[in-house]
Amino acid sequence: MTERWVVLGLAPPRTGWFSDVTRWATSGMAPVEFVKCLSAAEVRARLATGRSHSALLIDGATVGADRDLMAAARDAGVVTLIVDDPRVDRNWLELGAAAVLPDAF
């Protein structure tokens, strides 16, 4: 059996990378189950279920992407990765992100 990772994603629905990761997951190009979330509250609810998640991908322009959300993910054992939005100037690593990915990853 192939191992699959459960990845949460937080971004506006029409964000390019959001669609790309969804396509990769559904086509089998990436061994992930991608769970799309449209709000920070939805991410928190998913984290509270007790289900094991591997990572949280957050679009850098998302409302609610803050230190508290990243701390909640970290407390649940989830690594937070930020997909950079060049229009937003924030020090994501200082806020608790494990890494910042380019917007065209």
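Residue numbers run from 1 in the order of the sequence given. Source: prediction; values computed, not measured.
Both L69 and V88 sit in one connected hydrophobic cluster of ILVMFWY residues. Membership requires side-chain heavy atoms under 4.5 Å apart, directly or through other members. Cluster annotation: F18 and V6 are assigned to distinct hydrophobic clusters (Ile/Leu/Val/Met/Phe/Trp/Tyr, side-chain heavy-atom contacts under 4.5 Å, transitive). One hydrophobic cluster, built from ILVMFWY side chains closer than 4.5 Å, cannot hold both V100 and V7; they sit in different ones.
Between S54 and V79, the closest side-chain pair of non-hydrogen atoms is not below 4.5 Å. R44 has its side chain within reach of D68: a pair of non-hydrogen atoms, C-beta onward, lies under 4.5 Å apart. Counting heavy atoms from C-beta on, the side chains of W17 and L57 come closer than 4.5 Å. Here the side chains of V43 and I58 are not in contact, with every heavy-atom distance at 4.5 Å or above. A heavy-atom distance below 4.5 Å is not found between the side chains of I82 and D84.
The neighbour count for N91 CG, taken as heavy atoms of other residues, nucleotides or ligands under 6.0 Å away, is above 12.
Among all heavy-atom pairs drawn from E42 and K36, the shortest one is OE2-O, 3.5 Å. Among all heavy-atom pairs drawn from A73 and L56, the shortest one is CB-CD2, 4.0 Å. Between T62 and A11, the shortest heavy-atom distance links the atoms OG1-CA, 3.7 Å. The two residues M70 and G96 come nearest to each other via the heavy atoms SD-C, 3.7 Å. Contact detail for P13 and S19: the closest heavy-atom pair is O-OG, 4.4 Å. Residues R87 and A61 approach most closely at NH2-CB, 4.1 Å, considering heavy atoms.
Annotation: the span from T49 atom OG1 to L47 atom CG amounts to 7.5 Å, rounded to 0.5 Å. In this structure, D103 CG and D85 CG are separated by 7.0 Å, a value rounded to the nearest 0.5 Å. For the atom pair CG (L10) and OG1 (T80), the distance works out to 10.0 Å, reported to the nearest 0.5 Å.
Annotation: ring-ring contact (aromatic ring centres under 6.0 Å, His included) contacts involving residues 60-100, sequence neighbours excluded, are absent. For the ring-ring contact (aromatic ring centres under 6.0 Å, His included) condition, no pair includes a residue of residues 36-71, sequence neighbours left out.
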Hey, can you pull the donor-acceptor pairs under 3.5 Å for the side chains in residues 24-35, sequence neighbours left out?
residue, atom, partner, partner atom, Å
T26, OG1, T22, O, 3.1
T26, OG1, R23, O, 3.3
S27, OG, R23, O, 2.9
S27, OG, W24, O, 3.4
S27, OG, M29, N, 3.4
E33, OE1, R51, NH2, 2.7
E33, OE2, R51, NH1, 3.2
E33, OE2, R51, NH2, 3.1

Please test V83 against L81 for side-chain contact (heavy atoms from CB on, under 4.5 Å), starting from the C-alpha separation and ending with a verdict.
-> CA-CA 7 Å; V83 180; L81 306 170; over 6 Å; no

